[in-house]
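This structure is a prediction, so every number in the text was calculated from the model and none was measured. Protein chains get the first letters and strands the later ones, always in sequence-line order, with residue 1 at the start of each.
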Amino acid sequence: MVESNITTRAKDYAKWYQDVIAAAQLAEPAEVVRGCMVVRPHGWAVWEKIQAELDRRFKETGHQNAAFPLLIPLSFLQKEAQHATGFAMECAVVTHAGLKTVDGKIQLKGELEEPYVVRPTSETIIGHFFAKWIDSYRDLPLLINQWCNVMRWELRTRLFLRTGEFWWQEGHTAHASHEEAQEEVQRMLHIYRDVYENVLAIPVTLGAKTANERFAGAHETFCVEAMMQDGKALQGATSHDLGQNFGKAFNITFQNKSGQREFVWQTSWGASTRMIGALIMAHSDDNGLVLPPRVAPIHVAIVPIWKTDSERAAVVEAAHNLARDLRDDGLIVKVDDREELKPGAKYFEWERKGVPLRLELGPRDLAAGTALSKTRIGDKKEPLSLSALGSEVGRTLDTMQKALFERALAFRQSNTLEVDSWADFEAVFAGAGSKFVYAHWDGTTETELAIKEATKATIRCLPLEGHGPAPSSGRCIKTGKPSARRVLFSKNY
RNA sequence: CGGGGCGUGGCGCAGCCUGGCUAGCGCGCUUCCUUGGGGUGGAAGAGGUCGGAGGUUCAAAUCCUCUCGCCCCGACCA
């Protein structure tokens, strides 16, 4: 069952990341399909937990799920110029339908008159149907979400962070006014924040993207940015104000109360299986995956310990009784009563898989009326009374959930700084180094690109109020020109 | 897509430079025994068209050409 030893973070961070994924059996490269991944059951189970948390919040805010075609007519993509150029290089295209056998070999058969693009995102095809569905202000707002896979022909892939195919949700909404759309953009951004901070236990910085980093076709793009353990930023989710760009491209109009035709104001927002990558790089350690209890597919692993057959019968029965009690409290519990493995081997396995809490139950514990507990992030084992175990376990998991967030927050704080000199700025990003740096910027794309060229650091966002330092004027870190505010710089995934 | 590395039982590798018997090793796997509170020990087994195609040769894992895929660095991106 041991899949591999895990390289330490200090030795090779990229290798460590892959090792954690392999050791926890989260996913693996699809191998026979370029750039794609197989999400293994344990990885998909984590995704299902994340999905459930997001989906509940979407529905609580009035959104409905629907499904749109995987294939998009090529011509649709061309209707919004920015959008088309933004995604042109990453599109996989379906040009044929059907196969034929010639001399025992399979060949392509019918060439399509109009090729289809495998969806890299669905603004265009959803826009087409919105145009059909919307006719009156009474049809608005239209609040739709889709859970699906998309394909982007990436040149360089990394499991969960960037793969040819990935799974996500994409929300698409249409509104009668820009203000209403803008509210929606912020509402969803804050849902992402809520899930990141309260479920994934990852603190995030909310902000707006620069024009250069904006979604292709958007009026404005907002994001949540998280810090990984190597000091790099990871964009965790995005929420776009599409303005009327797609409304005009797809002629999505409605009659307002005074009978006039207007283009709708739209938003789109998405979060993907990349969240699992964020989870790994924010919390995991050199022993493998660490999962916050709220996204753990298994909360508690119970390892019964025995020597003799009679001991075995007693502890295994006690373990199953214990599991039943904990399940009654809503916990997901695994009793590892496999006979072929020594207890130590089981400890390592559940640790690699990120199970938050382990309970050891042996003859000595039974005699004492306790179970020995160890959390995935604690360094010592603690005996818990069996009679009060339910509440104890619940409390321990809550504490761990909070501790993970606090640990990640403290890490981010200790790796965030304000920088005012170019020499200091370069020093932070020298070599493989990265932190969150708040620095002044003159607001031009030229400077943004020059800084990236020189340091590999990019502007992750223009933080929203309450995120990052309070606004203050200063001079651009690179050009010395006047600047009204500091922006967040970091290297990124 | 450019530069670099790699592809040999499930995993990690040796062999390749300098072609030559039945392609080895460690881990894992199967069966049995043993062991059991942090990766038990032993015995006997199973498992490989050497990524794929073509070529050179009496003979190819090894040399040549093409191709597919993975990893790292870069440019592009969630």
Side-chain angles (χ1 to χ4, degrees), chain A residues 1-5 7 12-15 17-19 22-23 25 28-37 85-91 120-121 150-170 192 209 212-216 221 223-226 233-240 268-278 287 303-309 311-312 315 337-352 358-366 368 370-372 374 379-381 383 432 449 452-453 456 458 492-493:
Chain A
M1 277 300 171
V2 176
E3 297 242 330
S4 67
N5 289 323
T7 307
D12 185 340
Y13 193 81
K15 183 74 164 52
Y17 176 75
Q18 291 168 222
D19 287 349
Q25 299 180 354
E28 61 189 50
E31 209 170 65
V32 289
V33 186
R34 183 195 191 110
C36 293
M37 67 174 163
T85 47
F87 282 102
M89 298 304 292
E90 317 179 53
C91 287
T121 179
V150 289
M151 179 161 276
R152 297 181 186 177
W153 210 260
E154 298 290 349
L155 301 175
R156 183 181 167 193
T157 59
R158 313 186 68 177
L159 290 175
F160 291 118
L161 301 177
R162 178 163 293 105
T163 47
E165 180 187 29
F166 58 94
W167 290 265
W168 75 346
Q169 57 69 216
E170 46 178 327
Y192 291 134
K209 285 295 187 189
N212 181 52
E213 299 266 344
R214 194 172 290 154
F215 175 74
T221 289
C223 59
V224 302
E225 296 284 332
L234 182 126
Q235 178 177 308
T238 50
S239 185
H240 312 294
S268 69
W269 26 274
S272 72
T273 37
R274 177 181 250 201
M275 293 175 91
I276 298 171
N287 297 319
V303 180
I305 296 155
W306 66 81
K307 233 177 222 177
T308 65
D309 280 351
E311 283 176 348
R312 176 174 176 275
V315 294
D337 55 6
R338 287 176 294 178
E339 296 193 43
E340 67 273 21
L341 289 182
K342 229 184 132 182
K346 297 179 183 178
Y347 301 163
F348 280 101
E349 178 171 336
W350 296 116
E351 277 172 15
R352 284 196 306 273
R358 181 178 77 234
L359 293 175
E360 301 171 19
L361 198 61
R364 295 207 294 269
D365 304 293
L366 276 191
T370 60
L372 210 51
K374 181 170 183 312
D379 50 5
K380 55 176 181 248
K381 301 179 184 180
L449 294 175
K452 181 180 182 181
E453 172 75 24
K456 290 175 190 162
T458 54
N492 73 299
Y493 281 99

Quiz prompt | Side-chain ion pair, K209(A) and E225(A), N-O less than 4.0 Å | solution = yes

Self-check item: K452(A) bridged to E213(A) by N-O distance under 4.0 Å
Solution: no

With heavy atoms under 4.0 Å as the rule, sort [X] into base, sugar-phosphate or nothing.
{"X": "Q169(A)", "value": "nothing"}
{"X": "E351(A)", "value": "base"}
{"X": "E360(A)", "value": "base"}
{"X": "G86(A)", "value": "nothing"}
{"X": "T121(A)", "value": "nothing"}
{"X": "T238(A)", "value": "nothing"}
{"X": "W168(A)", "value": "nothing"}
{"X": "Y493(A)", "value": "nothing"}
{"X": "L372(A)", "value": "base"}
{"X": "K381(A)", "value": "base"}
{"X": "E154(A)", "value": "base"}

Taking the side chain of [X] as heavy atoms from C-beta outward, which of [options] is closest to it?
{"X": "I305(A)", "options": "C71(B), G39(B), G36(B)", "result": "G36(B)"}
{"X": "D365(A)", "options": "G39(B), C71(B), G37(B)", "result": "G37(B)"}
{"X": "R158(A)", "options": "C72(B), G38(B), G39(B)", "result": "C72(B)"}
{"X": "Q18(A)", "options": "G38(B), G37(B), C71(B)", "result": "C71(B)"}
{"X": "K307(A)", "options": "C71(B), G39(B), G36(B)", "result": "G36(B)"}
{"X": "P363(A)", "options": "G37(B), C71(B), G38(B)", "result": "G37(B)"}
{"X": "W306(A)", "options": "C72(B), G36(B), G38(B)", "result": "G36(B)"}

Below 4.0 Å: OP1/OP2 of [N] and any side-chain N or O of [X]:
{"X": "K452(A)", "N": "C76(B)", "answer": "yes"}
{"X": "K342(A)", "N": "G37(B)", "answer": "yes"}
{"X": "T308(A)", "N": "G36(B)", "answer": "no"}
{"X": "K456(A)", "N": "G74(B)", "answer": "yes"}

How long is the line joining [atom1] of [X] and [atom2] of [N], in whole Å?
{"X": "Y17(A)", "N": "C72(B)", "atom1": "OH", "atom2": "P", "result": "10 Å"}
{"X": "E28(A)", "N": "G12(B)", "atom1": "CD", "atom2": "P", "result": "11 Å"}
{"X": "L341(A)", "N": "G28(B)", "atom1": "CG", "atom2": "P", "result": "11 Å"}
{"X": "N492(A)", "N": "C76(B)", "atom1": "CG", "atom2": "C1'", "result": "12 Å"}
{"X": "R364(A)", "N": "G36(B)", "atom1": "CZ", "atom2": "C1'", "result": "12 Å"}
{"X": "N212(A)", "N": "A75(B)", "atom1": "CG", "atom2": "C1'", "result": "14 Å"}
{"X": "D309(A)", "N": "U35(B)", "atom1": "CG", "atom2": "P", "result": "12 Å"}

Quiz item: Distance between the C1' atoms of C25(B) and G20(B), in whole angstroms?
Solution: 22 Å

Exercise. For G38(B) and G19(B), measure between their C1' atoms and round to the nearest Å.
Key: 50 Å

Self-check item: Ring-base stacking, Y347(A) with G38(B) (5.5 Å, 30° cut-offs)
Solution: no

Pairing nucleotide - [N], Watson-Crick or G-U, each distance under 3.5 Å:
{"N": "C58(B)", "result": "G20(B)"}
{"N": "G2(B)", "result": "C73(B)"}
{"N": "A43(B)", "result": "U31(B)"}
{"N": "C66(B)", "result": "G52(B)"}

Main chain of [Y], side chain of [X]: is a donor-acceptor contact present, judged purely on distance under 3.5 Å?
{"X": "R358(A)", "Y": "K374(A)", "value": "no"}
{"X": "E165(A)", "Y": "M37(A)", "value": "no"}
{"X": "T273(A)", "Y": "W167(A)", "value": "yes"}

Quiz item: Should R152(A) and T121(A) count as side-chain neighbours, where that means a heavy-atom distance under 4.5 Å?
Solution: yes

Quiz prompt | Side-chain-base donor-acceptor pair under 3.5 Å for R312(A) and G36(B) | solution = no

Self-check item: Base of G36(B) paired with side chain of E340(A) (donor-acceptor, under 3.5 Å)
Solution: no

Nearest 0.5 Å please: distance from the [atom1] atom of [X] over to the [atom2] atom of [Y].
{"X": "Y493(A)", "Y": "Q235(A)", "atom1": "OH", "atom2": "CD", "value": "15.0 Å"}
{"X": "F348(A)", "Y": "N287(A)", "atom1": "CZ", "atom2": "CG", "value": "7.5 Å"}
{"X": "R352(A)", "Y": "D19(A)", "atom1": "CZ", "atom2": "CG", "value": "11.5 Å"}

Self-check item: 5' precedence on RNA chain B between K346(A) and T157(A) (nearest-nucleotide basis)
Solution: K346(A)

Self-check item: Contact nearer the 5' end of RNA chain B, comparing F166(A) with L159(A)
Solution: L159(A)

Could you list, one pair per line, each protein nitrogen or oxygen that sits under 3.5 Å from a nitrogen or oxygen of nucleotides 1-6 of chain B, together with the distance?
unit_1, atom_1, unit_2, atom_2, d
C1(B), N4, L155(A), O, 3.2

Quiz item: Looking at A278(A) and L234(A), what are the two nearest heavy atoms and their distance?
Solution: CB-CD2, 3.6 Å

Exercise. Start with the C-alpha distance between E349(A) and L341(A), add both sets of side-chain angles, then the distance that settles side chain to side chain contact (heavy atoms under 4.5 Å, CB included), and finish with yes or no.
Key: CA-CA 10 Å; E349(A) 178 171 336; L341(A) 289 182; 4.0 Å; yes

